[in-house]
Amino acid sequence: MTISRRDFLKASAAAAAFAAAGAPLLNPLASGEAEAAEAGIKWGKAPCRFCGTGCGVLVGVKNNRIVATKGDPSAPVNRGLNCIKGYFLSKILYGRDRLTKPLIRKGDRMVEASWDEAMSLIAGKFRESIDKNGPDSVAIYGSGQWTVFEGYAASKLFKGGIGTNNVEPNARLCMASAVTGFMTTFASDEPMGCYDDLDLGDTYFLWGANMAECHPVLFSRLIDNRLRNPNVKIIDFGTRRTRTSQMADQYVRFNPQTDLALLNGIAHVILRDRLYDETFIKRHVVFKRGKENIGYGLEDKFKFADEPKLINFDEYREFLKTYTPEYVSRLSGVPAKTIVELAHLYADRKRKVNSLWTMGFNQHTRGTWVNNLVYNVHLLTGKICRPGENPMSLTGQPSACGTAREVGTFTHRLPADMVVMNPEHRAKAEKIWGIAPGKIPAKPTYNATEMFRALDRGDIKVVWIQVTNPFQSLPNLNRYRKGARKGDGRFVIVSDIYPTRSTELADVILPSAGWVEKEGVYGNAERRTQQWFKLVDPPGEARNDLWQTMELARRLGHGSLFPYKYVEKEIWEEYRKFNEGQGKDLAPYEAYAKARGLRWPVINGKETLWRYAEGHDPYVKKGEGVSFYKNKADHYRAVIWARPYEPPAESPDRQYPFWLCTGRVLEHWHTGTMTGRVPELKRAYPSAVCEMHPEDARKLGIKHLQKVKISSRRGSIILPVDLNGRGKAEKGNIFVAFFDEGKLINDLCIDAYCPISGEPDYKKCAVKIEKA
Amino acid sequence: MPVSGVLISCAEGAAPDVSRKIADIGGVEVHGVIQDNRIVAVVEGETVDDEVARVTELQHLEGVLSVSLAYHNFEDDEP
Ligand code: SF4
């Protein structure tokens, strides 16, 4: 019997899985056989298109089409394995409804147009609005799905060319509190540690992070660590029981918002029981206290400026006095005994302790504070900047770090942690960009929520949305969807690869190239910068967003900002100048073409695994041990912040008695525009459901899968109740995923945000539930 | 017909049991059990959608912690 090509393919598939499992000896293929079965496939590397984990993928191309993918065995992040969202990589570019031609609104219809027509219409609208209403009447809104080049070009054109700071990313809705947390504590964005800590540590506190579903590859690393080392403990702090809770060693349920109190309670016990690392504190820490009762950003044009004051250790101790285990227990619902035990676990000198979090902390009206508070615990115990023990902020979008944060596509930011408010920073950017001094405006304008409020009010007239879907993902969505279509000179441009809930509100839709249809660079959550080349052509007339932005620049007379031949490489080399010598050094472009990503700072070709740590980070001098060298103002020390518990913007009451929390599920990513195209997947998690506690359902007389009407003060939605899902709501709480474009749960969410970060809280608002 | 190679992580000791249960899911072949807690399997389907449906089923089996994708070939999957 001859072995068919299909058998070889199956054997190749099994061989790849054996190799990834570290059991290549079980590989059934003789050498050369896999190659024969895959004849004609050309392989190229790329980071996964989906989440901020940044797994490496090998992409197989034949006849200008992707025909195969592999978890990249050489990628240190995922070592040959992708999560099941990897199946969608076969599909994201090939949905039947792919946008392939520019479309221009004619009344209720979208009519096909040429690029020239579309771009001259867009340029005309920009020019008209800038002439009539000034540069702050136009805006660009992108995301952490922008490549570094796309984000860089957008920022350079808007800040450096048009002269407006109206640049914001979806990352404002997702990572902004992590940024302000890092900036206020360490004066430099992004983690000190890296994914290696998942393999090297033995104690992991997960704070409201459903890693098993949202960062499955990283969670597998944790679970593998625990299989190797029975000492490993995973503690899941949550307001909802998830797949992660099932696999954790301990699940600690707490009341929404009381993470603030819990972290202060843990710090209280660490001080009370003298569990802190006195030497570390003396050498590396200062204490500060800022403004309190800081509001919720609910009013348009809300403004806030913190006023930090230095305090001493005793004043900090005094501040923590109220946070006794008993008091915190009353607030949080966590037994006082557990709080004491967990504080001791955090401080156990024999243990290597890590904290991990993502949207639970960031999407929080005190998001900056809660980020500060988790750093406090690590700084008090000295469990930071060491291999295997670090606080680690995870990300949702593939280049939330690489683009939104590092390039600085926020209204107030410039590349490499610089800000528009600082004259030296502006001058440096103006010099690198070769523009007239004084061109970059000194004042930030709007955070994401405020940007769409401004569109609603008519202060912004023209907005260009690239690689994201705000008219599904904003909170209090109703207002902003209506605002976009109020007319009166408002003009909305959306670039995307598929029709979305945002393209339906657009005046012009531009068809974009996606993922490996263009060359790109993404940066993941562990500071790893990953490059890929274009592997296939985009369909029809679809074009790279980078080209689109530069084309607008050319038509507005700012073409000289982009004088490049090999655009990507030259942008990279220009961008690199911002980072040099700033503790954020990047390697030359060619290095990334070869490597499976490099973690910055990259000095003399060598990446840095642990920042601020002697022997790992070349910026730290011999004998310093640890140096928070970016925080010059505080003598190179990190800041422990006295930040109190404050209640959320809205809590359940008699009229709206339930907490609503929104989030993600394993099979879908973000607003589902890429993953929602897989019909079977939609069946697995067909459309959004309302997770509810069975006891609450019984009280209301509601049965499994019965439809209910959920209402908040802002909107309502009808959904079936799921009493039996993989996530289990706690009593008094419901959970709804936000991927479903047919069910806009964000209509109900409150647009309250953290006054420091500007990030809205999608995790807490009050709703009522009635039978539908 | 698309083909994929997956690695199924199981609770300690559960792999032999899970691998027996997998035999009942059409389109999934067990190729090996590693140390009682991991299974290498090959998934086939008429379409990628079929494959994903099968993997979702795998994910819901008692004893399965997670399913990861190592290799996916969909050369013959028509758009
Ligand atoms: S964990 Fe994230 S980056 Fe990795 S394969 Fe899954 S979706 Fe892609």
Side-chain angles (χ1 to χ4, degrees), chain A residues 6 9-23 26 28 37-38 40-41 58 60 62 65-71 73 78 80-91 94-96 212 216-217 219-220 223-224 227 243 246-247 666-667 678-681 683-685 726, chain B residues 1-15 19 22 27-79:
Chain A
R6 181 140 199 97
L9 272 186
K10 282 164 70 172
S12 297
F18 278 120
L26 299 172
E38 293 174 346
I41 299 183
L58 290 177
K62 200 171 176 176
R65 209 182 145 82
I66 303 176
V67 295
T69 56
K70 281 186 207 176
N78 54 310
L81 292 172
N82 293 129
C83 80
I84 72 156
K85 275 188 276 285
Y87 277 102
F88 305 131
L89 292 172
S90 66
K91 292 254 163 185
Y94 302 122
R96 260 186 291 267
V217 164
F219 196 66
S220 297
I223 297 292
D224 286 349
L227 284 172
R243 249 186 123 91
Q246 280 168 26
M247 289 192 242
L666 175 63
E667 292 85 352
V678 183
E680 290 298 335
L681 252 284
R683 223 166 294 155
Y685 204 106
R726 67 178 87 129
Chain B
M1 271 203 344
V3 182
S4 48
V6 298
L7 182 67
I8 305 167
S9 305
C10 306
E12 201 56 45
S19 108
I22 291 177
V28 186
E29 264 172 35
V30 172
H31 280 235
V33 175
I34 307 166
Q35 289 170 358
D36 276 8
N37 58 33
R38 279 171 305 167
I39 297 168
V40 166
V42 170
V43 180
E44 292 182 276
E46 283 299 316
T47 60
V48 172
D49 303 348
D50 286 345
E51 280 179 288
V52 171
R54 284 172 187 154
V55 168
T56 310
E57 228 177 297
L58 287 179
Q59 215 143 17
H60 289 117
L61 288 180
E62 183 78 34
V64 170
L65 299 181
S66 70
V67 183
S68 314
L69 175 62
Y71 178 99
H72 192 199
N73 187 303
F74 36 95
E75 253 176 278
D76 314 318
D77 191 38
E78 281 312 308

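None of the values given here were measured: they were computed from a predicted structure. Below, chains carry the letters A, B, ... as their sequence lines are ordered, and counting in each starts from 1.
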Please name the pair of heavy atoms, one in B:H31 and one in A:F18, separated by the smallest distance, quoted to 0.1 Å.
O-CZ, 3.5 Å
With a 4.5 angstrom heavy-atom cut-off, could you sort out which part of B:V55 is near chain A: side chain, backbone, both or neither?
side chain
Quick check on B:V6 against chain A: is it the side chain, the backbone, both or neither that has a heavy atom closer than 4.5 Å?
both
Okay, side chain of A:R6, backbone of B:M1: is any donor-acceptor separation there less than 3.5 Å?
yes
Out of A:L58, A:I66, A:D224, A:I223, which one racks up the most heavy-atom pairs below 4.5 Å with chain B?
A:I66
Closest non-hydrogen atom pair, A:G86 against B:L69:
C-CD2, 3.6 Å
Does a side-chain N-to-carboxylate-O contact under 4.0 Å join A:R65 and B:E75?
no
Whatever's closer than 4.5 Å to a heavy atom in chain B on A:K10 counts as both
Side chain from CB out, backbone as N, CA, C, O: work out which of these in B:E29 comes under 4.5 Å of a heavy atom of chain A, or both, or neither.
side chain
To the nearest 0.5 Å, tell me how far B:Y71 OH sits from A:L9 CG.
5.0 Å
Measuring from A:L227:CG to B:L65:CG, what's the distance to the nearest 0.5 Å?
7.5 Å
Any non-hydrogen side-chain atom of B:S66 less than 4.5 Å from a side-chain atom of A:S220?
yes
Before giving the answer on side chain to side chain contact (heavy atoms under 4.5 Å, CB included), spell out for A:F88 and B:V48 the whole-Å C-alpha distance, their side-chain angles and the decisive distance to 0.1 Å.
CA-CA 9 Å; A:F88 305 131; B:V48 172; over 6 Å; no
Tell me the closest heavy-atom pair linking A:A17 and B:V40, and the distance in Å.
CB-CG1, 3.7 Å
Which atom names give the shortest non-hydrogen contact between B:S4 and A:A13, and what distance separates them?
C-CB, 3.8 Å
Can you name the nearest heavy-atom pair linking A:A21 to B:R38, along with the distance?
O-NH1, 3.2 Å
Within-4.5 Å side-chain heavy-atom neighbours: A:L81 and B:L7
yes
Would you name the heavy atoms of A:R243 and B:V64 that are closest together and state the gap between them?
NH2-O, 4.3 Å
